[in-house]
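Everything numeric in this text was worked out from a predicted model, so none of it was measured. Every chain is numbered from 1 and lettered A, B, ... according to where its sequence line falls, protein lines coming before strand lines. Computed over heavy atoms, backbone and side chain alike; hydrogens, waters and symmetry mates excluded.
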There are 2 protein chains.
Amino acid sequence: MTASAARADARPSPRKRAGNGPAPRDIADDVGLDALVGHAGYAVRRFQIWIFQDFIRTLGDVDIRPTQYSVLTVIGANPGLSQMAVAKRLGIERARLVHLLDSLEQRKLVKRIKSKADRRSHALHLTAPGETALAKFKRLAAEHERNVEAKIGKENRAHLLRILAGFT
Amino acid sequence: MTASAARADARPSPRKRAGNGPAPRDIADDVGLDALVGHAGYAVRRFQIWIFQDFIRTLGDVDIRPTQYSVLTVIGANPGLSQMAVAKRLGIERARLVHLLDSLEQRKLVKRIKSKADRRSHALHLTAPGETALAKFKRLAAEHERNVEAKIGKENRAHLLRILAGFT
DNA sequence: GAAAGATTGTTGTTGACGACAACAATTGTC
DNA sequence: GACAATTGTTGTCGTCAACAACAATCTTTC
């Protein structure tokens with residue numbers, strides 16, 4: 001460990017700013033990224049990385065990633081939706097949903113049924129094994145949520161969901 | 001703003017759908033994702049996407065992305081850090097930091113100085129124009145933070161930062 | 001002091017993901 | 001029926017995380 005970078009390891013930073021102000025005024029002579037404290041985007045990004053890694057790890061045995069889980073969940077709750085409807089609802093592009101559904105259909109979890117009313121679109125449904133699989137995924141996802149609670153606290157998680165309810 | 005919907009409680013849903021199918025089967029806007037409500041990861045992901053897009057848009061004129069800003073900020077606050085120290089501090093891989101620094105160095109914002117003590121490593125510093133540029137970036141970043149406040153509320157943002165303080 | 005092991009920066013690959021553009025088939029509009 | 005819009009699909013481009021391998025350079029160990 002070189003002398004110039006010696007302080008990069010310690011992470012004391014007990015300095016909690018209870019005040020709401022961003023206060024980017026600090027000289028930050030102490031440690032690392034004091035200048036980044038107060039940036040919501042940075043904290044949210046780090047948290048999102050952590051939460052996704054825990055999700056991927058918790059659902060690792062069944063090999064389901066967060067986006068796949070969201071697609072399955074929406075289809076399970078709304079059978080018969082078109083790809084366009086699912087994509088718009090989840091905020092993903094329909095071009096990307098094509099590959100996601102290709103993978104899920106290859107695993108026999110989802111099936112595309114050509115719509116009779118609109119022959120351009122496909123009605124999306126879960127297969128029978130897809131339904132039972134989703135039930136298992138939901139149990140694992142609930143376990144993941146408990147990990148989140150253990151990480152940031154039960155009521156903090158609840159408050160977080162309340163704050164971000166407008167983005168779901 | 002495709003997903004700026006309110007709660008899933010009662011949504012009259014203007015039901016515009018000018019060019020939608022005749023069948024009442026695929027009404028995109030009325031899709032409920034009840035099962036996704038209550039998943040912290042989903043809300044955080046959507047929020048993170050929004051916040052990054054606003055950051056990129058607000059700092060669009062200076063062409064600085066969130067990761068670049070975090071690198072500049074850390075180097076500005078801790079001149080002389082090695083690439084390994086910066087990467088570890090920001091939670092990015094050193095392989096990725098190489099390209100980030102290539103870009104920033106090409107723009108004359110950062111310079112790599114071969115360390116005399118450890119000839120493997122580089123001491124990272126801001127250039128003179130890099131310092132003045134960072135000052136401008138910080139003003140724009142503060143404007144972005146005000147956008148976040150306008151989006152979720154001032155005290156909600158403060159509470160969020162408090163909840164996620166452990167991830168910075 | 002030399003060999004063995006670890007670290008730093010670099011290059012490369014892989015895969016997930018968002019953003020766009022173009023296209024055929026189909027539908028709605030005029 | 002001509003024209004515009006939508007749906008699913010294919011493709012490209014760029015960002016980003018995760019690895020793997022490598023040369024140069026410490027650090028450790030004998």
Mapping A:Arg45 and A:His99 to their closest nucleotides on DNA chain D, which lands nearer the 5' end? A:His99
Considering only heavy side-chain atoms of A:Asp118, the closest of D:dG8, C:dT26, D:dC19 is C:dT26
How many whole angstroms separate atom CE of B:Met84 from atom P of D:dT27? 15 Å
How long is the line joining CZ of A:Phe55 and P of C:dA16, in whole Å? 15 Å
In whole Å, what is the span from the CH2 atom of A:Trp50 to the P atom of D:dC16? 23 Å
Name the residue closer to the 5' end of DNA chain C, choosing between A:Lys116 and A:Leu100 according to the nucleotide with the nearest heavy atom. A:Leu100
What's the closest nucleotide to the B:His122 side chain, out of C:dG9, C:dG18, D:dC26? C:dG9
Are A:Phe47 and B:Ile49 connected into the same hydrophobic cluster when the rule is that any two of I, L, V, M, F, W, Y join if their side-chain heavy atoms are below 4.5 Å apart? no
Is it true that B:Leu140 and B:Phe55 fall in one hydrophobic cluster, defined by side-chain heavy atoms closer than 4.5 Å? yes
Donor-acceptor pairs are to be reported for all side-chain atoms of residues 93-104 of chain B against protein atoms at under 3.5 Å, with residues two or more places apart or in another chain.
residue: B:Asp102; atom: OD1; partner: B:Arg112; partner atom: NH2; Å: 2.2

From the candidates C:dG18, D:dT7, C:dG9, the one with an atom nearest any side-chain atom of B:Ile49 is C:dG18
Please tell me whether B:Val62 and B:Val74 are part of a single hydrophobic cluster in this structure, the criterion being side-chain heavy atoms less than 4.5 Å apart. yes
Whole-Å distance between C:dA6 P and B:Lys88 NZ? 15 Å
Would you mind telling me which residue lines up with the more 5' stretch of DNA chain C, A:Arg65 or A:Arg119, judged by nearest nucleotide? A:Arg65
Could a donor-acceptor pair under 3.5 angstrom be found where the side chain of A:Arg94 meets the base of D:dG8? yes
Rounded distance in Å - CD (B:Gln48) to P (D:dC16): 10 Å
Ignoring hydrogens and angles, does a donor from either the side chain of A:Arg120 or the base of D:dG8 sit under 3.5 Å from an acceptor on the other? no
Verify the contact: side-chain N or O of A:Gln68 to OP1 or OP2 of C:dA16, cut-off strictly under 4.0 Å; return yes or no. no
Whole Å only: how far is the CD atom of B:Glu93 from the P atom of D:dA21? 15 Å
Would you say B:Thr67 places a side-chain N or O within less than 4.0 Å of OP1 or OP2 belonging to D:dT15? no
Integer-rounded Å distance: C:dT26 C1' and A:Lys114 NZ: 10 Å
Relative to each other, are the rings of B:His39 and A:Tyr69 parallel, tilted or perpendicular (30° and 60° limits)? tilted
B:Arg96 side chain N/O closer than 4.0 Å to the phosphate oxygens (OP1, OP2) of C:dT13? no
Nearest-angstrom distance from the residue atom CG of A:Leu97 to C1' of C:dA16: 14 Å
Is the shortest side-chain N/O distance from B:Gln83 to OP1 or OP2 of C:dT10 below 4.0 Å? yes
